[in-house]
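The structure under discussion appears below in the form of structure tokens.
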There are 2 protein chains.
Amino acid sequence: MLSKKCKYAIHALVYLAERYQEGPVHIQEIAEKKSIPKKFLEAILLELRNAKMLHSKKGKGGGYYLYQKPSDVNLMDVIRLMDGAIAMLPCVSLNYYEKCEECRNEKTCGIRDSFIKVRDQTLEILGGATLDKIMKREKALGAK
Amino acid sequence: MLSKKCKYAIHALVYLAERYQEGPVHIQEIAEKKSIPKKFLEAILLELRNAKMLHSKKGKGGGYYLYQKPSDVNLMDVIRLMDGAIAMLPCVSLNYYEKCEECRNEKTCGIRDSFIKVRDQTLEILGGATLDKIMKREKALGAK
DNA sequence: GTTAAATCCTATTGATTTGGTAGACATTAA
DNA sequence: TTAATGTCTACCAAATCAATAGGATTTAAC
């Protein structure tokens with residue numbers, strides 16, 4: 001399951017995608033519109049900024065805005081940043097690989113194969129889920 | 001990520017699949033062979049038994065053994081039992097559905113779609129990953 | 001240059017989950 | 001009767017998650 005932090009991050013990014021190229025949006029507004037605790041959101045946006053997904057402008061009239069085009073930001077990257085590995089086993093993770101203590105021998109482990117398939121399918125879907133596609137879908141579904 | 005409990009359960013089941021129709025295997029043996037803390041394994045096997053995945057025999061000469069054929073036990077069921085939902089969002093889970101607090105309106109949520117696809121792909125792969133296939137793979141890979 | 005509005009940063013907290021342990025009890029084979 | 005085994009309830013420590021507190025810093029506007 002995705003953490004709340006990750007879900008908040010996704011919702012905040014979608015919101016900023018809707019405001020793309022309209023200047024900085026401040027935390028307070030995102031927090032209110034998306035019902036996210038402001039202080040928690042603060043930490044999340046900061047993390048997204050440090051990962052170069054967002055830019056920020058300090059001081060009066062400041063706020064956050066997308067660093068890249070909505071079509072260049074996908075759920076795979078956001079989830080990896082917020083929650084870490086996408087794979088279901090550490091020993092099949094591409095970005096957060098760790099040896100499985102439980103496996104005596106990774107080469108002959110019979111269960112890894114299925115989880116490698118799951119990982120690849122998942123990455124393909126989430127890698128293709130970009131902010132612009134999410135926005136388009138919401139419009140198509142009639143969101144106001 | 002799968003919990004340790006879930007990984008232990010899978011390894012224990014694979015071990016019991018290798019001993020299928022050879023009578024009860026006791027906890028101690030599984031714990032030693034698979035390097036699982038005995039007391040923890042005890043609780044896990046009990047849960048698998050309550051879910052009708054295993055049978056047990058009490059008293060001297062007792063132990064655990066598979067309830068069904070190895071070809072009838074798959075990773076999807078084991079994971080659901082041990083860790084709960086397989087889906088990445090509660091609102092797309094088939095067996096553990098819950099409303100997403102974050103979504104104002106599920107019907108118009110633009111992100112659910114990707115997670116439904118991930119869920120379906122994952123279920124298909126894990127549903128097909130049966131104990132007998134895992135055993136065959138281990139043999140093919142040369143496990144001793 | 002003062003002030004108000006905003007982000008930035010560090011630390012802390014409470015609740016829940018995870019991983020594991022202790023010990024008594026019940027059942028069965030020999 | 002006894003030793004071996006599963007069953008059950010309770011407990012505990014550490015980690016993680018979700019959230020909060022309280023300033024420090026930066027900037028625009030006056």
Side-chain angles (χ1 to χ4, degrees), chain A residues 1-12 16 23-32 34-67 79 81-85 88 90 96 98 100-102, chain B residues 1-12 16 23-32 34-67 79 81-85 88 90 96 98 100-102:
Chain A
M1 283 281 176
L2 297 186
S3 67
K4 283 204 163 195
K5 186 178 159 197
C6 188
K7 286 191 257 180
Y8 288 155
I10 293 171
H11 284 286
L16 289 175
V25 179
H26 40 252
I27 299 178
Q28 188 64 41
E29 179 184 340
I30 307 173
E32 280 169 12
K34 293 293 185 174
S35 310
I36 303 172
K38 192 194 160 196
K39 274 296 198 177
F40 196 12
L41 180 59
E42 219 178 278
I44 293 167
L45 295 179
L46 210 48
E47 211 172 323
L48 291 170
R49 173 186 158 277
N50 290 336
K52 311 278 186 203
M53 286 198 182
L54 297 178
H55 259 315
S56 66
K57 189 164 179 297
K58 285 186 189 173
K60 199 169 182 178
Y64 283 95
Y65 52 100
L66 280 188
Y67 194 99
I79 293 172
L81 184 65
M82 293 290 121
D83 285 357
M88 298 180 83
Y96 297 84
E98 270 180 68
C100 251
E101 303 167 32
E102 292 77 28
Chain B
M1 282 280 175
L2 297 186
S3 68
K4 283 204 163 196
K5 186 179 159 196
C6 187
K7 287 191 257 180
Y8 288 155
I10 294 171
H11 283 287
L16 289 175
V25 179
H26 39 253
I27 299 179
Q28 187 65 41
E29 180 185 339
I30 306 173
E32 280 171 12
K34 292 293 183 173
S35 311
I36 304 173
K38 192 194 162 198
K39 274 296 195 178
F40 196 13
L41 180 59
E42 221 178 276
I44 293 167
L45 295 179
L46 209 49
E47 211 172 322
L48 291 170
R49 172 186 159 280
N50 290 337
K52 311 278 187 202
M53 285 197 183
L54 296 179
H55 259 315
S56 65
K57 189 165 180 295
K58 285 184 188 174
K60 198 169 184 178
Y64 283 95
Y65 51 101
L66 280 188
Y67 193 99
I79 294 171
L81 184 66
M82 294 289 120
D83 285 357
M88 299 179 85
Y96 298 83
E98 271 179 66
C100 250
E101 303 167 33
E102 291 77 30

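Side-chain atoms of Asp83(A) come within 3.5 Å of backbone N or O of Ser3(A) as a donor-acceptor pair.
Using bins of under 30°, 30° to 60° and over 60° for the plane-to-plane angle, the ring pair His55(A)/Tyr65(A) lands in the tilted bin.
Considering only side-chain N and O atoms, Lys57(B) lies under 4.0 angstrom from the phosphate OP1 or OP2 of dA29(C).
In this structure, Lys5(A) places its NZ atom 11 Å from C1' of dT16(D), rounding to the nearest Å. dT7(C) atom C1' lies 12 Å from atom CG of Asn50(A), rounded to whole Å. Whole-Å rounding puts the Leu46(B) CG to dC25(C) C1' distance at 14 Å. The interatomic distance linking Ile30(B) (CD1) with dT5(D) (P) rounds to 12 Å, in whole Å. The separation between Lys58(A) atom NZ and dT26(D) atom C1' is 5 Å, rounded to whole Å. Straight-line distance from the CG atom of Leu48(B) to the P atom of dT7(D): 12 Å, rounded to whole Å. One can place NZ of Lys39(B) at 12 Å from P of dC8(D), the figure rounded to the nearest angstrom. The CD1-P distance, from Ile36(B) to dT21(C), rounds to 13 Å in whole Å.
If you check dG20(C), dA3(D), dG23(C) against the side chain of Tyr8(B), the one that comes closest is dG20(C). Picking from dT7(D), dG6(D), dT7(C) the nucleotide with the shortest atom distance to the side chain of His26(B) gives dG6(D). Taking only side-chain atoms of Lys4(A), from C-beta outward, the nucleotide of dA4(D), dA19(D), dG20(C) with the closest atom is dA19(D). Among the nucleotides dA18(D), dT21(C), dT28(C), the one closest to the side chain of Phe40(B) is dT21(C).
Using a 4.0 Å heavy-atom cutoff across all strands shown, Leu45(A) reaches no nucleic acid atom at all. Within the nucleic acid shown, Gln28(B) has no heavy atom closer than 4.0 Å to any nucleic acid atom.
Between Glu47(B) and Lys5(B), at least one side-chain nitrogen of the basic residue sits less than 4.0 Å from a carboxylate oxygen of the acidic one, meeting the salt-bridge criterion.
The heavy-atom pair separating Lys60(A) from Lys57(A) by the smallest distance is O-NZ, 4.4 Å.
When the nearest nucleotides of DNA chain D are assigned to Arg49(B) and Leu2(A) by heavy-atom distance, the more 5′-ward of the two goes with Arg49(B). Along DNA chain C, the nucleotide nearest to Ala43(B) and the one nearest to Ser56(A) differ in position, and the one closer to the 5' end is contacted by Ser56(A).
For the pairing with Leu81(A), the side-chain contact (heavy atoms from CB on, under 4.5 Å) check across Asn50(A), Ile44(A), Leu48(A) returns one residue only, Leu48(A).
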